[in-house]
Trainee: 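Quick one: structure below, then a few questions.
No experiment lies behind these values; they were computed from the predicted model shown. Naming convention: chains lettered A, B, ... in sequence-line order (proteins, then strands); numbering from 1 in each chain.
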Amino acid sequence: MATEFHNLQELRQSPSLATKVFIQRDYSEGTVCRFQTKFPSELASRIERTLFEDTVKTLNTYYAEAEKVGGQSYMEGCLACATAYFIFLCMETRYEKVLKKISGYIQEQNEKIYAPRGLLLTDPVERGMRVIEVSVFEDRGSSGSSPSSNVSSGISQR
Amino acid sequence: MPTSGGERIKASSFIPVSTAAVLLVGSTTLFFVFTCPWLAVTVSIYVPPCSGILFFFVLANFTMATFMDAGVLPMANEDEDKDDDFRAPLYKNVDVKGVQVRMKWCASCHFYRPPRCSHCSVCDHCVEDFDHHCPWVNNCIGRRNYRYFFLFLLSLTLHMVGVLSGGLLYILHHLEDLWKLHCTVTLVVMSVSGLFFIPVLGLTGFHLYLVSRGRTTNEQVTGKFQGGVNPFTQGCCGNLEYLICSPISPKYTARPIKKSTVRIIPPFLRPETDIQIPIIKVEDNGIQTHDIQNKRPSTDGMEEPDIQRLNTPPPLPPKPDPNVLKSHLATLEESGLHPKPVTPSPGQTLQQFRPLPQSTSKAPPPSPVHQVAVAPEQQGGSSRGHNLSSELILGRFDQLAFPSGPMSAPLQLNSLTLNSRSLTLKHAYRHGNKLPALYPEGLISHQVSPGLFPPHNPLSNRNSLSYDSLVSSGDPHYLAQRGGPPLHYHPHFMTLGHDGSVLQRPPPHTYSPVFMGVTRQSPQPRDTSPRDPSLRDLTPQALTSRDLSPQALMHRDLSQQALIHREASPVRYDNLSKTIMASIQERREMEERDRMLRMQARSQALYGCPDMGVYDIPSRRSLPADSMRLPGSRGPTPPAYGSREFMMSTGILGYGGARSPLSSASSSSLTRAPRTSSSPLQSSSSLQSKGRSPSPAYLPPDRQAQPSSSSSSASAPDAPPKMPLTHQRHGGKGLSTPVCPQIGTIESSRRVYVASHTTLQC
């Protein structure tokens with residue numbers, strides 16, 4: 001919109017947080033970590049449905065991989081038991097490794113897809129894996145209001 | 001040393017764990033010192049190492065169970081529950097593998113507890129897969145540390161068994177030296193072990209049972225899955241496998257903070273489907289706009305009879321020419337009106353449209369003006385639906401070919417255009433006499449300013465059915481305009497209402513079909529005719545269209561139009577018997593008056609709105625029956641008045657009735673405890689939330705008891721036009737005259753409409 005280019009000052013001001021959309025967990029398969037892929041209506045005007053659903057599905061895949069009960073987790077448990085759990089001091093668990101991957105993925109998604117659309121995903125682990133918090137920013141330069149602090153510390157907010 | 005009460009409680013909570021630790025370590029140490037050497041010699045050299053490893057295992061698990069985070073869920077941010085805090089129910093049902101599981105709202109942590117999650121009162125936090133709070137380890141046992149606790153129990157049991165059996169062996173071999181130090185110590189160790197062995201064994205057995213059934217202690221104790229199916233179990237082996245081999249879930253609290261370098265700088269991209277229309281969540285009204293992405297402003301959509309209940313916002317026409325708006329505003333200013341901005345509300349159904357009340361042409365100017373103003377007020381107010389409906393209607397007319405100046409330009413509904421139209425409507429009332437007889441097109445528009453309304457001819461451009469009906473319906477209005485009074489407006493609205501929909505419906509009145517046929521059959525010729533003849537031509541059609549129009553639209557001008565018809569003696573009535581026309585006129589007049597009276601009376605009763613003064617109908621207040629009716633109590637459901645009317649009325653009913661958020665709540669009608677911070681929400685919502693258990697049925701009346709001024713004013717205009725005649729006729733619903741047997745139904749449906757509309761206003 002042309003109004004957004006009024007002046008450079010306006011452009012430089014960080015947008016203020018308009019609202020937050022929360023993607024809830026999908027408990028249909030038990031307590032396994034899954035998020036609902038239902039596209040929230042509040043985001044319909046901000047991002048394409050496919051993009052958003054892809055993000056959530058990828059996250060779900062990551063979480064499924066992290067929580068998979070299989071060989072690796074068994075070995076990890078045995079090793080931990082054998083070392084009287086001292087191994088936890090030296091090594092990070094598989095889940096934590098996947099969480100790091102997820103964090104990197106979310107960061108990348110934010111940079112490439114969501115930030116250009118005025119959205120910001122918050123890592124669910126910061127919310128106890130209960131919700132995916134999507135911060136929606138106002139779609140223009142600040143309208144006189146003070147800039148929010150979400151610009152550069154979105155993921156760090158707690 | 002603890003000084004405060006809280007600290008004392010904290011100190012006392014360490015007693016069990018301290019005792020357990022001391023006993024465990026002490027006893028085992030004594031066992032190793034006094035008993036094991038003999039065992040090593042007598043039984044086997046591997047006894048001490050195995051015991052040592054076992055004990056080490058016990059200690060490790062004990063330590064993990066004590067110090068590991070059980071899966072504490074951090075408190076929710078304020079943002080997360082601001083939508084739910086005051087309206088949401090206490091429980092939310094969620095489907096887990098086909099089994100309904102209840103999620104309870106945690107008042108401390110401000111979120112709905114996930115399945116199997118519970119709040120530990122000792123630790124004051126929610127724990128995932130909460131098992132219990134163990135005093136012996138002074139920690140919650142939950143998802144992350146249950147395996148350690150279980151293994152601790154197992155290993156402790158085994159260790160106790162080892163200690164007891166070793167000690168017994170020793171004692172049996174040293175019976176003669178029972179009072180020696182070694183025997184004494186062994187006896188003491190055995191006693192301690194024996195004392196705690198039974199409870200520990202019992203607890204171990206209990207947890208073995210729980211694991212086999214896939215339950216937590218909390219679920220077992222509360223009897224959650226006692227008789228039903230446990231959706232969380234994976235079978236005995238699966239549960240054991242999950243217990244031992246599942247990956248350890250991460251800790252949620254005290255995580256290292258990661259600084260994100262993502263910068264958010266506008267302008268922002270928008271989806272390619274670029275919905276120019278913002279999605280408006282009409283939460284209060286219960287209608288939420290969905291699929292707005294697919295919406296495109298288009299005339300086609302509007303030309304269709306889609307005035308019926310719309311789940312998606314109808315496309316809005318492009319913005320009108322600002323000059324037009326200015327002129328409109330100017331004219332309105334002239335008339336002393338305050339044209340209120342009409343906010344577009346694509347999410348609203350047309351049903352909410354409240355037809356602009358049209359008083360008789362003889363009515364004082366303020367009254368039509370006022371009524372006209374009411375509609376935009378409504379529109380601009382909380383009731384988005386009204387807004388949209390009027391906009392739709394106006395827009396429809398626009399589409400139908402209101403070539404009048406800029407108003408006619410957009411083929412699509414434009415909220416702004418509609419706003420301007422509503423303004424023009426207001427203005428139109430004022431300038432009823434001044435405006436040219438562009439009646440059919442600009443029921444609203446032409447009334448606004450003569451200049452804005454081109455000759456009637458443009459109507460001919462449209463050959464749509466709606467257009468035809470419009471044209472036909474315009475007749476009486478034209479005639480009325482000729483006469484000067486703004487009576488013509490009534491049919492406009494009614495026509496408009498039809499426009500989208502009504503015309504196609506079979507008219508409920510006996511005369512309707514006849515007129516319907518007439519209406520539909522002869523649109524075109526009128527198009528080309530000069531204005532006057534066209535007006536006349538439109539008259540009968542206007543009548544028919546009026547019949548067909550949604551009840552909300554009908555009330556206003558029936559009477560006047562009837563009068564007009566009588567006066568005008570339209571040329572087009574050649575195909576209709578004049579007696580029929582007269583009867584029709586009479587009927588309409590009565591209907592409208594009755595409706596107006598009822599609306600006004602009701603609105604007054606409900607909202608205490610001041611005498612609108614617009615319609616100096618003395619009988620308005622003499623309709624106690626209607627005025628006494630509660631907003632929530634709708635009149636008898638009208639019969640299938642017409643496809644659209646019925647749909648609209650039923651839609652309104654359904655819409656209005658489903659607005660209570662608790663009605664869609666989970667099984668419990670309780671509401672969560674609100675946050676300590678007071679809710680800024682309206683009182684109606686506070687009624688729901690603070691009350692903890694307001695009945696859903698309580699809400700609608702409550703909401704209706706808080707009508708916005710717009711709604712009150714909205715309902716008012718409908719009432720005034722009611723004439724004494726109507727009142728005389730309607731003690732209640734039915735009319736005594738056989739001429740209009742359907743009027744009762746019309747009235748009832750109108751009442752329903754208005755009532756629901758009023759409800760929607762809240």
Trainee: Determine the minimum heavy-atom distance between A/Phe52 and A/Lys38, stating which atoms define it.
Mentor: CE2-O, 4.2 Å
Trainee: Is A/Val131 close to chain B through its backbone or its side chain, or both, or neither, when contacts mean heavy atoms under 4.5 Å?
Mentor: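 Contact with chain B: side chain only.
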Trainee: Need one label for A/Leu119: side chain, backbone, both or neither, based on atoms under 4.5 Å from any heavy atom in chain B.
Mentor: backbone
Trainee: Taking NZ, NE, NH1 and NH2 as the nitrogens, is one of them in A/Glu92 or A/Lys100 under 4.0 Å from a carboxylate oxygen of the other?
Mentor: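 Counted as a salt bridge, because a side-chain N and a carboxylate O are separated by less than 4.0 Å.
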Trainee: Measure A/Ala66 against the heavy atoms of chain B and call it side chain, backbone, both or neither at under 4.5 Å.
Mentor: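 Looking at A/Ala66, just its backbone touches chain B.
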Trainee: Can you tell me which residue among A/Glu76, A/Glu67, A/Lys68 is in a side chain to side chain donor-acceptor pair (under 3.5 Å) with A/Tyr95?
Mentor: A/Glu67
Trainee: Can you tell which part of B/Leu73 gets under 4.5 Å to a heavy atom of chain A, answering side chain, backbone, both or neither?
Mentor: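 Looking at B/Leu73, just its side chain touches chain A.
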Trainee: Any ion pair linking B/Arg144 and B/Glu128 (charged N to carboxylate O, less than 4.0 Å)?
Mentor: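 B/Arg144 and B/Glu128: not salt-bridged.
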Trainee: Between B/Tyr146 and B/Phe150, how do the two ring planes meet: parallel, tilted or perpendicular, split at 30° and 60°?
Mentor: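 Aromatic pair B/Tyr146/B/Phe150 classed parallel.
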Trainee: Is it the side chain or the backbone of B/Leu151 that comes within 4.5 Å of chain A heavy atoms, both, or neither?
Mentor: side chain
Trainee: Is it the side chain or the backbone of A/Cys81 that comes within 4.5 Å of chain B heavy atoms, both, or neither?
Mentor: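 Both parts, heavy atoms under 4.5 Å.
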Trainee: For A/Tyr27, which atoms come within 4.5 Å of any heavy atom of chain B: side chain, backbone, both, or neither?
Mentor: both
Trainee: Counting heavy-atom pairs under 4.5 Å to chain A, which of B/Ser249, B/Ala60, B/Pro247 comes out on top?
Mentor: B/Pro247
Trainee: Anything under 30° is parallel, anything over 60° is perpendicular, the rest tilted; go ahead and classify B/Trp105 against B/Tyr112.
Mentor: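 Taking B/Tyr112 first and then B/Trp105, their aromatic rings stand perpendicular (interplane angle over 60°).
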Trainee: Tell me, side chain or backbone of A/Thr93 under 4.5 Å from chain B's heavy atoms, or both, or neither?
Mentor: side chain
Trainee: Is the charged tip of B/Arg102 near the ring of B/Tyr91: under 6.0 Å from the six-membered ring centre and within 45° of its axis?
Mentor: yes
Trainee: Among A/Glu29, A/Arg25, A/Met75, A/Arg94, who wins on heavy-atom pairs under 4.5 Å with chain B?
Mentor: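 Max contact count across the listed options: A/Glu29.
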Trainee: For a 4.5 angstrom cut-off between non-hydrogen side-chain atoms, does A/Arg127 reach A/Glu133?
Mentor: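 A/Arg127 vs A/Glu133: side chains touch.
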Trainee: With a 4.5 angstrom heavy-atom cut-off, which part of B/Asn61 approaches chain A: side chain, backbone, both or neither?
Mentor: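 Answer is both: backbone and side chain atoms of B/Asn61 are under 4.5 Å from chain A.
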Trainee: Need one label for B/Arg147: side chain, backbone, both or neither, based on atoms under 4.5 Å from any heavy atom in chain A.
Mentor: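 Neither the backbone nor the side chain of B/Arg147 comes within 4.5 Å of chain A.
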Trainee: Can you say whether A/Tyr114 sits under 4.5 Å from chain B via the side chain, the backbone, both, or neither, judging by heavy atoms?
Mentor: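 For A/Tyr114, there is no contact with chain B at all, as no heavy atom is under 4.5 Å.
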Trainee: Checking heavy atoms, do the side chain of B/Pro231, its backbone, both or neither come under 4.5 Å from chain A?
Mentor: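 For B/Pro231, no heavy atom lies under 4.5 Å from chain A.
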Trainee: Any ion pair linking B/Glu219 and B/Arg116 (charged N to carboxylate O, less than 4.0 Å)?
Mentor: yes
